[in-house]
Number of protein chains: 2
Amino acid sequence: MNNKINVLRALADETRLRIINLFIKSGQNLCVCELMDALKIPQYSVSKALTIIRNADLLTAEKEGTWVYYELNKNTTENKNLFSFLKNYLSDKVFLEDELRLNERLILRENNKCVVGIIPEKDLLKMIKGKAKA
Amino acid sequence: MNNKINVLRALADETRLRIINLFIKSGQNLCVCELMDALKIPQYSVSKALTIIRNADLLTAEKEGTWVYYELNKNTTENKNLFSFLKNYLSDKVFLEDELRLNERLILRENNKCVVGIIPEKDLLKMIKGKAKA
DNA sequence: TTTTTATATGCCAAATCTTGCATACAAATA
DNA sequence: TATTTGTATGCAAGATTTGGCATATAAAAA
């Protein structure tokens with residue numbers, strides 16, 4: 001009972017819902033700085049949201065150097081059912097825009113790893129254009 | 001976006017979740033006094049919870065005399081998907097006990113209408129026993 | 001060893017939510 | 001009309017949450 005309420009409380013917030021949506025729609029692991037660029041919100045805000053979602057057992061975290069990769073926790077049937085429900089339920093312009101920005105940011109990965117870190121928005125746009133050409 | 005967050009916030013509370021569970025599992029309309037007996041919580045607490053759930057568009061209300069019958073709002077695909085997800089997701093001892101108490105209380109209906117109102121717990125038990133015999 | 005970098009978290013004030021009581025309201029009944 | 005009954009809601013205190021800043025931490029780089 002309490003764990004389910006924790007899950008629902010974790011979902012009941014715009015930032016956290018946008019984050020969960022990105023994990024569900026992208027179907028892959030993501031690090032904090034990538035979420036920052038996709039959501040356009042500050043680092044501490046992403047980190048705090050991730051901690052709450054993780055405490056609700058919806059995410060797992062794995063450290064690689066200074067980077068931390070988060071991923072959906074699909075270890076239980078309940079979580080899997082939840083995620084497949086949300087995949088359809090979470091449709092909104094806001095979510096869609098997040099997904100587009102995330103896709104652009106993910107272009108910058110190398111060997112499927114984040115190598116960019118936290119960068120000013122101007123540099124981000126330049127780097128993406130550069131990558132798109134190459 | 002905002003309506004979905006409102007829905008999730010409506011779900012993120014024990015009392016409200018227990019109420020929604022009863023509507024989903026029983027599959028029928030219910031009035032405030034029936035919910036009071038099923039959940040064993042005060043009237044104002046039920047009414048307030050119902051108002052919040054209703055404002056999230058998850059319930060509809062219909063007045064019949066002094067009684068108000070609430071019912072799941074299945075007017076949208078989203079709500080229908082939500083309810084069918086919750087039907088499996090909401091399994092817990094607490095929910096089960098609520099369901100059992102609701103079933104007993106529903107024995108007292110006549111022509112599928114609530115005719116009992118708000119009564120002391122002792123009287124409730126007697127009335128149920130009486131009905132069970134008949 | 002010092003500095004940088006990605007991420008996490010303590011703290012604080014503002015905002016929001018919860019809880020219980022008392023009371024309001026509306027429809028039926030006397 | 002006065003009363004009862006089922007339901008809704010205003011209010012206030014206490015609890016919880018949110019948002020932003022500053023700083024802590026840990027791993028890599030210099």
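Residue numbers begin at 1 in each chain, while the letters A, B, ... track the order of the sequences.
When each of dT7(C), dA8(D), dT9(C) is scored by its nearest atom to the side-chain atoms of W67(A), the top-ranked nucleotide is dT7(C). In the set dA28(C), dT7(C), dA8(D), dA28(C) carries the atom at the smallest distance from any side-chain atom of T66(B). The side chain of C33(B) lies closest to dT7(D) when the candidates are dT9(D), dT7(D), dA8(C). The side chain of K48(B) lies closest to dG20(C), out of dA6(C), dG20(C), dA8(C).
Cation-pi contact between K4(A) and F95(B): absent, since separation from the ring centre below 6.0 Å together with deviation from the ring axis within 45° is not met. The cationic atom of K74(A) (NZ for Lys, CZ for Arg) does not lie both less than 6.0 Å from the six-membered ring centre of F83(A) and within 45° of the ring axis. Geometrically, K80(B) does not engage F85(B) in a cation-pi contact, judged by NZ or CZ lying under 6.0 Å from the ring centre and within 45° of the ring axis.
Under 4.0 angstrom from either OP1 or OP2 of dC11(C) there lies no side-chain N or O belonging to Y44(A). For dA8(D), one of the phosphate oxygens OP1 or OP2 lies less than 4.0 angstrom from a side-chain nitrogen or oxygen of S47(B).
We find that NZ of K63(A) is positioned 5 Å from P of dA27(D), with the value rounded to whole Å. One interatomic measurement links the two molecules: CZ of R16(B) to C1' of dT19(C), which rounds to 12 Å at whole-angstrom precision. Nucleotide dT7(D) holds its C1' atom 15 Å from the CG atom of L59(B), rounded to whole Å. A straight line from OH of Y69(A) to P of dA8(C) spans 13 Å, rounded to a whole angstrom. Rounded to whole angstrom, the span from the CG atom of L8(A) across to the P atom of dT16(D) amounts to 19 Å. Atom-to-atom, CZ of R9(B) to P of dT18(D) comes out at 7 Å; the value is rounded to the nearest Å. Residue I119(A) contributes atom CD1, which lies 19 Å from atom P of dT4(C) at whole-angstrom precision. Summarising the geometry, the separation between CE on M36(B) and C1' on dG20(C) is reported as 14 Å, rounded to the nearest angstrom.
Contacts of S45(A) with the nucleic acid, taken as non-hydrogen atoms under 4.0 Å apart, are absent. If you check every strand for non-hydrogen atoms under 4.0 Å, V115(B) touches nothing.
In terms of polar N and O atoms assigned as donor or acceptor, the side chain of Q43(A) never comes within less than 3.5 Å of the base of dA6(C) in a complementary pairing.
The nearest heavy atom of DNA chain C to T51(A) and to I118(A) marks one nucleotide each, and the one closer to the 5' end goes with I118(A).
Looking at K25(A), its side chain never comes within 3.5 Å of a backbone N or O of I20(A) through a donor-acceptor pair. Here the side chain of N55(B) pairs no donor or acceptor atom with the backbone of I53(B) at under 3.5 angstrom.
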